[in-house]
Amino acid sequence: MEVAILFSGFNALILIALLYFYTRIAVRSKAAHSVGMMFFALLLLINSVLTVYSYSAMSPFFGSEALPYLSAISVLEFFGLAALLKITI
């Protein structure tokens, strides 16, 4: 469960960086695409923060069979967001 919590926290940090870059782009260019990407990053940020909270608060209720899948989801999301951040920068 610690791996899932750690990578969900990393995901939140990447999403904060993406939100910052998309906001800068939107302010400079007034492009609708950047505003849409800001909205996308904000919703995913909320999801990541709620994931960290729910994994932390409700970890005793998750079965041990589900833990590898929850960790894999968080790790894969991290690599996807890292690639998006690399492309954005």
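Expressed to the nearest 0.5 Å, how far CE of Met37 lies from CG of Leu18 amounts to 7.5 Å. Rounding to the nearest 0.5 Å gives a distance of 15.0 Å between CG of Leu84 and CZ of Phe79. Glu77 contributes atom CD, which lies 7.0 Å from atom CG of Leu15 (distance to the nearest 0.5 angstrom). Note that the CZ atom of Arg24 and the OG atom of Ser29 stand 11.5 Å from one another [nearest 0.5 Å]. Between Ser71 atom OG and Leu76 atom CG the span is 10.5 Å, to the nearest 0.5 Å.
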For residues 42-54, which side-chain N or O atoms pair as donor and acceptor with protein atoms under 3.5 Å away, sequence neighbours left out?
unit_1, atom_1, unit_2, atom_2, d
Ser48, OG, Leu44, O, 3.2
Thr51, OG1, Asn47, O, 2.7
Ser54, OG, Leu50, O, 3.1
Ser54, OG, Thr51, O, 3.1

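A donor-acceptor pair under 3.5 Å links the side-chain atoms of Ser74 to the main chain of Leu70, judged by distance alone.
Cluster annotation: Ile89 is connected to Leu19 through the hydrophobic network of ILVMFWY side chains, with a link wherever side-chain heavy atoms come within less than 4.5 Å. Hydrophobic clustering, with ILVMFWY side chains joined whenever heavy atoms are under 4.5 angstrom apart, keeps Tyr20 apart from Val27.
Under the 30°/60° scheme for interplanar angles, the aromatic rings of Phe78 and Phe7 are found to stand perpendicular.
When each of Leu6, Val75, Leu81, Ile16 is paired with Asn11, the side chain to side chain contact (heavy atoms under 4.5 Å, CB included) condition holds for Leu81 and for no other.
In this structure, Leu85 and Phe21 have side chains that are in contact, with non-hydrogen atoms separated by less than 4.5 Å.
Tyr22 pairs by the ring pair (Phe, Tyr, Trp, His ring centres under 6.0 Å) definition with nothing, not counting sequence neighbours.
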